[in-house]
2 protein chains.
Amino acid sequence: MNIRHLTFRLLQVYVAVVASGTVSEAARRLHLTQPTVSMQLKRLGEAVGEPLLESRQGRLYPTEAGSELYRASREVLGRFDDFDDYLSALRGGERGRFSIALVNTAQYVLPRLLGPHSRAFPEVEVTVHIGNRRQMLTRFERQEDDLYVFSHPPSLAHARAGRFLRNPLVAVAPRGHPLATREQVDMSELLGERMLLREPGSATRMLFESWLQEQGLTLGPTLQMASNEAIRIGVAAGMGLAVLSEHVLPPEHPDIVILPVAGLPIESHWQFIVRSDRRLSHAALGFLRFAAGHLDECVEPRFLSNELQGLLDRLEEAPRNLTTRRTEP
Amino acid sequence: MNIRHLTFRLLQVYVAVVASGTVSEAARRLHLTQPTVSMQLKRLGEAVGEPLLESRQGRLYPTEAGSELYRASREVLGRFDDFDDYLSALRGGERGRFSIALVNTAQYVLPRLLGPHSRAFPEVEVTVHIGNRRQMLTRFERQEDDLYVFSHPPSLAHARAGRFLRNPLVAVAPRGHPLATREQVDMSELLGERMLLREPGSATRMLFESWLQEQGLTLGPTLQMASNEAIRIGVAAGMGLAVLSEHVLPPEHPDIVILPVAGLPIESHWQFIVRSDRRLSHAALGFLRFAAGHLDECVEPRFLSNELQGLLDRLEEAPRNLTTRRTEP
DNA sequence: ATGTTATATAGATATTTATCTATATGGGGG
DNA sequence: CCCCCATATAGATAAATATCTATATAACAT
């Protein structure tokens, strides 16, 4: 048997003929003319090299070889129907895989989205990478992930962005601090105190420093700590003051006070960033759709700032490269 | 996914690419050039409508959709390999089905061939039809069977024949009959006695009668019986004499004597008859091959007359109609 | 940087396919 | 014996496929 010239179409035609028992009827069902079907049948017979059908009292019945071919054809066509279903599931974002990279601070909020999403789409595998802004930028350059979360997006030359959450930076002091009971504080009053800061490369620190620069202020004594958690606990323990994302504070925080500093909070927004030069996986797209639709159910309303629909619309227009896609190592 | 333009060849190429991890290597294995394979891959990707491969550190890895397609392709190609094996078995006569039609008398001998054959090819299903010559001729006209056994073939316009066994007709009398001890008997001496005859339409009767005619003799009193068995037993019981195929007599027959009639035995041969206008099933062909090769192990040497190889040779030349074959109801 | 290697694209072509309309053929029923 | 239905064949054509060589592009290793 010569498999080289075997098409799935040919098998479909053959199956239709066996199922209907006549060439003409099959032709009608397939919206073809009778000679067309006859020809296909002939070709198929030649490819197989055996008689496939025999006619008895006006109907066509498969020979031995024909029956086996019918069985094989059904199985094979069925297998590809399944594959089609699989593709639909992939396309619908119901299954598949994506990876998302978060700046540290965002890890306090993103699980509120990721959790419900993975309950809704249990077949989707998600990988989450966490690090500071600098590290995430590197991942972004290397195109290592499908989605990124930044407060301030990188270049945007090769990226699309969509805000989804307010990320206010507030000044915090330990309960009992002299400034903690004041109606109004000026940032200059804080700068004499020791400030606990994240490492350079952190988005929070970057935002804070550029804000200070705008205000024409300079930092006094500082102490560098590697994580938001450590800073929060440090502040509570009286090691100094800090400027932190409000999301870092737990709902109840009896030993920490937010200072009413003039000009604060520093407003920023988290946004999902998608590289525009890399095809977005269906699963990641599905997550964005999910986020756009369910964000309000997942986070506190005061932080809401959902501009994801716009991002989705812009992504829809994007052209697609169907055969291959590239990923850097 | 558009299944219309999907070929098995395309899947083979795809599988080779995934298996080897590079287009060029796959091209070498398939004895194609690299651009050819690239093109095929592109077409396949278009047919599927999803990226199938992504390149990482110089090797190609399937995407999610690509992996599933790979699995589907392997299964589907495997299924058709199995189908190919099935075809080979069919062609080799190792499996399948055939039917054979015997004139009554031949039923004493054919099981000696059919038995060993079905032990050697347990997957082959055989249907045996038995009847008198007239009935077998009808089956032959209607093309109801793959093989026929006659002593004298019909027209031969649409048939090929091959002798395989002597079928001598002898005159028999009960032990103790006056003629039973004679050295030499003349047929005319028998015709006064009552002769037991098969029904008109029987080959044995036809042969006997035409032999009588040649000799210019006429039958005396007769008695018609529906089977060779009945006649044999009738002769033993003294109901009369008969002319029978020697095969009808059991190896030991103490109550029956073969008379040494001048001009007897009437020599005839059984032959396998194959319609030349109908494609012979592989299974039937396999049986003929088996018979040609093993006849001498299956029957008594004195009856041997194996001309089947000649028949097989003539069948090999026959043209084939690959797509369809016809059978009358 | 630079040469090497792997892929992709372009351009070309013979072959095959899918499909039609029109016509011949062949079998079964009256 | 003739007619009707189903099937097969012929002839035609637009599209697609398979395949090549030559060349451009991208990625990788020095």
Give the rounded distance in Å between these two atoms: [atom1] of [X] and [atom2] of [N].
X       : N      : atom1 : atom2 : value
A/Gln12 : C/dT19 : CD    : P     : 11 Å
A/Arg4  : C/dT15 : CZ    : P     : 15 Å
A/Leu6  : D/dA18 : CG    : P     : 13 Å
A/Lys42 : C/dT17 : NZ    : C1'   : 14 Å
B/Leu32 : D/dT21 : CG    : C1'   : 14 Å
B/Leu52 : C/dA8  : CG    : P     : 12 Å
B/Glu54 : C/dT7  : CD    : P     : 14 Å
A/Leu53 : D/dT7  : CG    : C1'   : 12 Å

Between [options], spot the one nearest the side chain of [X], thanks.
X       : options               : value
B/Ser24 : D/dA18, C/dT7, C/dC20 : C/dT7
A/Thr36 : D/dT19, C/dT19, C/dT9 : C/dT19
A/Arg9  : C/dT19, D/dT7, C/dT7  : C/dT19
B/Thr33 : C/dT7, D/dT9, D/dC20  : D/dC20

Is the shortest side-chain heavy-atom distance between B/Leu110 and B/Ile100 below 4.5 Å?
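B/Leu110 reaches B/Ile100 side chain to side chain.
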
Indicate yes or no: at least one non-hydrogen side-chain atom of B/Leu288 is less than 4.5 angstrom from one of B/Phe98.
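Not in contact.
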
Approximate separation, where rounding is to 0.5 Å, of A/Tyr148 OH and A/Arg139 CZ
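Here the interatomic distance stands at 7.0 Å.
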
With distance as the sole criterion, do the side chain of A/Gln34 and the base of D/dA6 form a donor-acceptor contact below 3.5 Å?
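Result: no qualifying N/O pair found.
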
With the criterion being N/O to N/O and under 3.5 Å, what pairs connect the protein with nucleotides 11-17 of chain D, and how long is each?
{"residue": "D/dT17", "atom": "OP2", "partner": "B/Arg43", "partner atom": "NH1", "Å": "2.5"}

Can we say B/Arg43 and B/Glu46 salt-bridge, meaning some charged N sits less than 4.0 Å from an Asp/Glu carboxylate O?
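The answer is no: the pair does not qualify as a salt bridge.
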
Under the side chain to side chain donor-acceptor pair (under 3.5 Å) criterion, do B/Thr36 and B/Gln40 qualify, and how do the steps go?
CA-CA 6 Å; B/Thr36 300; B/Gln40 308 263 40; over 6 Å; no

Distance-only donor-acceptor hits, side chain of residues 69-83 of chain B, under 3.5 Å, sequence neighbours excluded:
{"residue": "B/Tyr70", "atom": "OH", "partner": "B/Arg74", "partner atom": "NH1", "Å": "2.9"}
{"residue": "B/Arg71", "atom": "NH1", "partner": "B/Glu68", "partner atom": "OE1", "Å": "2.1"}
{"residue": "B/Ser73", "atom": "OG", "partner": "B/Leu69", "partner atom": "O", "Å": "2.6"}
{"residue": "B/Glu75", "atom": "OE1", "partner": "A/Arg79", "partner atom": "NE", "Å": "2.7"}
{"residue": "B/Glu75", "atom": "OE2", "partner": "A/Arg79", "partner atom": "NE", "Å": "3.4"}
{"residue": "B/Arg79", "atom": "NE", "partner": "A/Glu75", "partner atom": "OE1", "Å": "2.7"}
{"residue": "B/Arg79", "atom": "NE", "partner": "A/Glu75", "partner atom": "OE2", "Å": "3.4"}
{"residue": "B/Arg79", "atom": "NH2", "partner": "A/Glu68", "partner atom": "OE2", "Å": "3.3"}

Between A/Phe287 and A/Phe121, does the ring centre distance come in under 6.0 Å?
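Ring centroids of A/Phe287 and A/Phe121 are no less than 6.0 Å from each other.
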
What does A/Thr22 touch in the nucleic acid at a heavy-atom separation under 4.0 angstrom: a base, only the sugar-phosphate, or nothing?
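Here A/Thr22 touches the backbone only, sparing every base.
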
Across the strands shown, which category fits A/Arg59 at heavy-atom distances under 4.0 angstrom: base, sugar-phosphate, nothing?
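Nothing: the residue A/Arg59, judged by heavy atoms under 4.0 Å, touches no strand.
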
